[in-house]
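Quick note on labels: first sequence line is chain A, next is B, and so on, each numbered from 1.
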Amino acid sequence: MARWVLHVDLDQFIAAVEILRRPELAGLPVVVGGRGDPTERAVVSTASYEARAFGVHSGMPLKLAVRKCPEAVFLPVDGPAYDEASAVVMEAVRAHPGAVVQVLGWDEAFVGIETPGPDVAEAVAHAEAIRAEVLEASLLHCSVGVGDTTVRAKIATDFGKPRGTFVLTRENWFEVMGERPTTALWGVGTRIAARLAAHGYDTVRQLADASDDVLAAEFGPRMGPHYGRLGRGLGATRIDDTPWVARAHGRETTYQSNLTDEGEIAAAIGSLSAQVVEDIRREGRACARVHLKVRFAPFFTTTRIRKLAEPTWDAADIAATALELLRDLGDDRPIRLLGVRAEMVPPVGGYEPPRTTGRGGPAASPPRD
DNA sequence: TCTGGGGTCCTAGGACCC
DNA sequence: TCTGGGGTCCTAGGACCC
């Protein structure tokens, strides 16, 4: 018997959902982001493959996207539509025989599979079946990475895109990844890569061979060795389908014109706090700590945290604490962005694994003792 | 070009207690 | 006068992912 990790990832998910309900957009460059107005301060959530051919990609300001591709169709983000499509997809994945499913976001999930024999072809057969089942249920195409760890499966998916399957295991890890830059790893961004490069670790293979002592001295006793393991493709081999429990909910808004007026700022914090309270009420857990995030013009962002004397459900308490945090900053530059986050009282007994799911979260977290 | 909005986790250092 | 070592709690800040 062998254990495999599959990573299922929908192709251009958000754009695909939009094209599904507006078939006349098929084959056109489609860019989804913000309110769909490329003159506003907002960024691209997803671009269709046709738009990507013009150099448009996720995270790019809409203002830049429209320059790169003036003929693109710009659409607003419609979260509820993606929630609905995602639910259909995940239901199809969960229905696959033997699948243990850990959802990572709207458009991706890990699937644990056990096969009778050791041959990876058996895992690939599951991957192909899941792709067909997802397509049948949702009319959406996906790609699947097959691996012997979460890290390898996750990275494999990119090589399978679009509409394909790719296998990445101990057997071909270094052959495929060894000479690639460390940023090709899930969990290594440009900052970490720069610090690794300062020690002479530029490629995945160099990181894999790095000394744990050097890594620990640079990144700490937990994260250092963790990066070494990433370089070797190591990660979880077993998928945990424990439902994810939110730690916090937050709301933030980038204002089309900067805020300077005190009353305007207080009103903005009040509105954000009210939205946050709606979200934590749905969870049934009170707010224990308030986080304030502020981006001052031109582009300086900072956050502050304050624990509340007593957990609260009251938006006015949260707003008052957020305003206090802002006042304590003593910075009166114009504000581009405000965010209020409510960190919730942990459930009795603390949080169960998995810790790294929900939308976002550090990709492959180091193991905890 | 001008940088969203939703998240999670790690590290470091200070305060405080024993 | 000089001041250990362990533990916990808290905040600030950084990093990453989708």
Side-chain angles (χ1 to χ4, degrees), chain A residues 7 9-10 12-14 32-36 38-46 55-68 76-77 79 82-83 86 103-109 154 157 183 185-196 216-227 230 244-256 272 275-276 279 288-293 295 297-308 325 328-329 336-344 351 353-368:
Chain A
H7 178 254
D9 194 314
L10 279 290
Q12 52 166 10
F13 174 70
I14 289 175
V32 185
R35 296 191 287 193
T39 67
E40 290 191 346
R41 281 180 181 169
V43 296
V44 175
S45 289
T46 299
V56 178
H57 57 78
S58 303
M60 172 182 283
L62 291 184
K63 283 177 184 171
L64 178 55
V66 73
R67 285 191 194 196
K68 294 209 174 254
V77 174
Y82 316 140
D83 282 335
S86 177
V103 175
L104 299 177
W106 268 336
D107 63 341
E108 58 176 311
K154 167 78 185 175
T157 311
T183 49
L185 296 167
W186 183 39
V188 178
T190 55
R191 305 305 185 100
I192 299 296
R195 288 166 70 182
L196 289 169
E218 176 64 34
F219 298 105
R222 186 182 303 278
M223 292 309 287
H226 171 66
Y227 291 125
L230 278 184
W244 173 68
V245 178
R247 272 67 166 164
H249 286 295
R251 291 300 181 103
E252 60 186 75
T253 302
T254 296
Y255 300 95
Q256 291 300 316
L272 292 165
Q275 294 175 56
V276 162
D279 291 336
R289 298 205 294 174
V290 176
H291 302 228
L292 175 77
K293 176 172 170 183
R295 178 168 301 157
F299 212 74
F300 168 72
T301 307
T302 192
T303 57
R304 287 293 184 276
I305 302 176
R306 185 157 298 168
K307 185 178 193 292
L308 295 161
L325 287 168
D328 290 352
L329 278 174
R336 289 177 64 95
L337 172 149
L338 275 177
V340 175
R341 170 165 299 277
E343 196 177 307
M344 294 178 286
Y351 292 103
R355 306 138 54 215
T356 57
T357 51
R359 282 203 275 283
S365 291
R368 202 152 46 172

Novice: Out of C:dC16, B:dC2, B:dT8, which nucleotide sits closest to the side chain of A:Ile192?
Specialist: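 Nucleotide nearest to A:Ile192's side chain: C:dC16.
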Novice: Within less than 4.0 Å of OP1 or OP2 of B:dC2, is there a side-chain N or O belonging to A:Lys63?
Specialist: no
Novice: Considering only side-chain heavy atoms of A:Arg304, which listed nucleotide, B:dT3, C:dC10, C:dG13, is closest?
Specialist: C:dG13
Novice: Any side-chain N or O of A:Arg306 under 4.0 Å from OP1/OP2 of C:dC10?
Specialist: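 Checking C:dC10 against A:Arg306, no side-chain N or O comes under 4.0 Å of OP1 or OP2.
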Novice: Between B:dT3, C:dC18, C:dA15, which nucleotide has the shortest distance from any of its atoms to the side chain of A:Arg191?
Specialist: C:dA15
Novice: A:Arg222 side chain: which of B:dG4, B:dT11, B:dT3 is closest?
Specialist: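 Of the candidates, B:dT11 comes closest.
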Novice: Please report the distance separating the P of C:dC18 from the corresponding atom of B:dT3, rounded so that it comes out in whole Å.
Specialist: 23 Å
Novice: So, is A:Arg195 close to the C:dG14 phosphate, meaning a side-chain N or O under 4.0 Å from OP1 or OP2?
Specialist: no
Novice: Which of these nucleotides, B:dG4, C:dG13, C:dA15, is closest to any side-chain atom of A:Thr302?
Specialist: C:dG13
Novice: Rounding to the closest angstrom, what is the interatomic distance between C:dC17 and B:dT1 at atom C1'?
Specialist: 23 Å
Novice: A side-chain contact here means heavy atoms from C-beta on lying under 4.5 Å apart; do A:Asp107 and A:Asp9 qualify?
Specialist: yes
Novice: Between A:His7 and A:Leu104, is there a side-chain heavy-atom distance shorter than 4.5 Å?
Specialist: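 Yes - at least one pair of side-chain heavy atoms lies under 4.5 Å apart.
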Novice: With heavy-atom distances below 4.5 Å as the criterion, would you say the side chains of A:Thr303 and A:His291 are in contact?
Specialist: no
Novice: In the structure shown, which nucleotide is the Watson-Crick or G-U wobble counterpart of C:dC18, with both distances under 3.5 Å?
Specialist: B:dG5
Novice: Among C:dG13, B:dG5, B:dG4, which is the nearest nucleotide to the side chain of A:Thr303?
Specialist: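 Selected nucleotide (nearest to the side chain): C:dG13.
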Novice: I'd like the P distance from C:dG4 over to B:dG14, given in whole Å.
Specialist: 15 Å
Novice: Do the side-chain N or O atoms of A:His249 get closer than 4.0 angstrom to the phosphate oxygens (OP1, OP2) of B:dG6?
Specialist: no
Novice: Using a cut-off of strictly less than 4.0 Å, decide whether A:Arg341 has a side-chain nitrogen or oxygen near OP1 or OP2 of B:dG7.
Specialist: yes
Novice: Looking only at the side chain of A:Met223 (C-beta and beyond, no hydrogens), which of the listed nucleotides B:dT3, B:dC10, C:dC18 gets closest?
Specialist: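 Selected nucleotide: B:dC10.
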Novice: The side chain of A:Ile305 lies closest to which of these nucleotides: B:dC2, B:dT8, C:dA12?
Specialist: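 Nearest listed nucleotide: C:dA12.
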Novice: Under 5.5 Å between ring centres and under 30° between planes: true for A:Phe299 and the base of B:dT3?
Specialist: yes
Novice: So, does A:Thr254 get its side chain near the phosphate of B:dG5, meaning an N or O under 4.0 Å from OP1 or OP2?
Specialist: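 So the side chain of A:Thr254 is within the cut-off, an N or O lying under 4.0 Å from OP1 or OP2 of B:dG5.
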Novice: Does OP1 or OP2 of C:dC18 have a side-chain N or O of A:Lys154 closer than 4.0 Å?
Specialist: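 Result: yes.
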Novice: Out of B:dT8, C:dC18, C:dA12, which nucleotide sits closest to the side chain of A:Ala246?
Specialist: B:dT8
Novice: Under 4.0 Å between a side-chain N or O of A:Arg251 and OP1 or OP2 of B:dG6?
Specialist: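 Yes, within the criterion.
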Novice: Which heavy atom in A:Glu343 sits nearest to a heavy atom in A:Ala248, and how many Å separate them?
Specialist: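 Shortest heavy-atom separation between A:Glu343 and A:Ala248 comes out as CA-CB, 3.8 Å.
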